[in-house]
Amino acid sequence: MLILGIESSCDETAASVVKDCREILSSVISTQIEEHKKYGGVVPEIASRRHCENILGVVRKALDDAGITLNDLDGIAVTYAPGLIGALLVGVSFAKSLAMACGKPLIPVHHIAGHIAADYLTHKNLEPPFLCTVASGGHSNIIEVMSYTDFHVIGRTRDDAAGECFDKCARAMGFPYPGGVHIDNAARNGDASKYKLPHPTVAENEFDFSFSGLKTSVINMIHNSSQKGISLDTNDLSAGIQTAISDIITEKTINAAKAYGYKKIALAGGVSANTGVREALSAACVKNGFEFYMPEKSLCGDNGAMIACQGSYNFLAGITADESLNAAASLSIEKSFK
Ligand code: KG4
Ligand code: ZN
């Protein structure tokens with residue numbers, strides 16, 4: 001079975017061919033980061049325009065690199081939600097037209113389900129059920145992965161997502177967009193205990209995430225210091241932020257696993273590339289006797305292979321779309337394939 005996966009939900013135009021669910025035959029990613037960097041974040045209209053320019057070339061290269069033609073495909077999978085609406089619409093319109101032109105099934109894929117599938121590509125033995133924490137630029141979720149296509153969200157973002165918190169703190173520290181990776185690098189040479197940072201909790205649901213208190217306290221600390229003419233140590237502050245985010249993600253994931261009876265834990269999403277988060281959750285899983293899975297670093301951020309992989313499982317479960325498929329800026333993973 002050969003599935004083409006197309007991803008255009010944010011600032012990466014990506015396409016990939018995956019064979020029999022988990023074997024990546026090609027993966028092409030055209031990133032727009034350099035252009036959005038100038039504005040300190042993603043500019044939605046620019047993102048849509050670049051997707052429009054790049055998508056055909058990216059898909060053509062994915063097919064060429066895999067050594068196949070459109071005729072060889074069993075289906076065309078596309079991210080249809082959630083994300084920037086104008087960006088999603090480029091991928092959805094393109095995938096629909098391609099599916100119609102070559103008479104292949106169109107397979108809708110939820111972006112968060114795609115991130116989870118990055119773990120299937122990395123760990124050939126991983127099968128549901130398991131508990132997965134997905135932390136990206138727009139989402140922080142703790143999800144019960146009951147089957148390849150059934151999900152139950154037990155914790156969600158109340159305000160800023162983990163990646164957003166990394167990026168906003170990084171921006172306040174003067175790092176370029178996207179700042180998460182710069183905090184990761186600076187934290188290697190920092191002392192996390194130097195600055196005291198809050199570990200916000202959410203009273204109503206202990207598994208929900210709230211990172212805006214942490215972000216605000218970092219931004220206030222930076223402003224207060226600059227008003228007093230005191231310079232903060234960027235490495236130490238980075239280490240403090242990374243440790244706070246890693247602790248929050250680890251504590252909530254482990255508590256959720258215990259509460260819901262899971263012994264198999266996975267991590268996914270752009271933030272799963274973070275050294276501190278990887279180490280903290282991995283160590284906590286060892287301590288609690290849980291199996292732990294995380295994507296290889298190249299599959300943590302947005303890519304087409306994760307969409308092709310999840311698309312393969314959707315296809316096997318009979319989840320396909322007709323020509324009325326539309327994009328959605330926000331949509332719960334629980335409702336995605338209903
Ligand atoms: O999943 P993703 O590529 O896009 C979304 O679906 O949002 O996640 C992007 C997020 C950004 O906020 C980025 O700063 C963060 O993932 N990120 C990191 C690291 N690499 C990417 N955050 C912390 N440390 C990293 N090494
Ligand atoms: Zn993503």
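The basis for the numbers below is simple: all heavy atoms, side chains too, and nothing from hydrogens, waters or symmetry mates. In each ligand, atom 1 is the first atom listed, and ligand 1 is the first ligand listed. Only a predicted model underlies this, so the values are computations on that prediction, with no experimental measurement involved.
With a 4.0 Å cut-off on non-hydrogen atoms, D302 touches ligand 1 through its backbone as well as its side chain. Contacts of E12 with ligand 1, taken as heavy-atom pairs under 4.0 Å, are absent altogether. Of the heavy atoms in N274, both backbone and side-chain atoms come closer than 4.0 Å to ligand 1.
Side-chain contact between E7 and H111 is present, with heavy atoms from C-beta onward closer than 4.5 Å.
E53 and R49 are not joined by a salt bridge, as no carboxylate oxygen comes within less than 4.0 angstrom of a charged side-chain nitrogen.
Atoms of ligand 1 lying under 4.0 Å from any heavy atom of H111, numbered from 1 in the order shown and given with element: 6 (O). With ligand atoms numbered from 1 in the order given, ligand 1 contributes 5 (C), 7 (O), 8 (O), 9 (C), 10 (C), 12 (O) to contacts under 4.0 Å with heavy atoms of G137. Close approach of ligand 1 to G301 is summarised as follows: ligand atoms under 4.0 Å from at least one heavy atom of the residue are 3 (O). The atoms of ligand 1 that sit less than 4.0 Å from any heavy atom of A273 are 20 (N), 26 (N). Contact atoms of ligand 1 toward G138: 7 (O) (distance under 4.0 Å to a heavy atom of the residue). The G163 neighbourhood of ligand 1 comprises atoms 12 (O), with distances under 4.0 Å to a heavy atom of that residue.
Between G270, S246, G180, it is G270 that holds the heavy atom closest to atom 20 (N) of ligand 1.
Between Y80 and F337, the ring-plane angle classifies as tilted under the 30° and 60° cut-offs. The aromatic rings of F209 and F211 lie parallel to each other, with less than 30° between the two planes, well short of the 60° mark. Between Y148 and Y313, the ring-plane angle classifies as parallel under the 30° and 60° cut-offs.
For the Zn ion (ligand 2), the tally of protein N/O/S atoms lying closer than 2.8 Å stands at 3.
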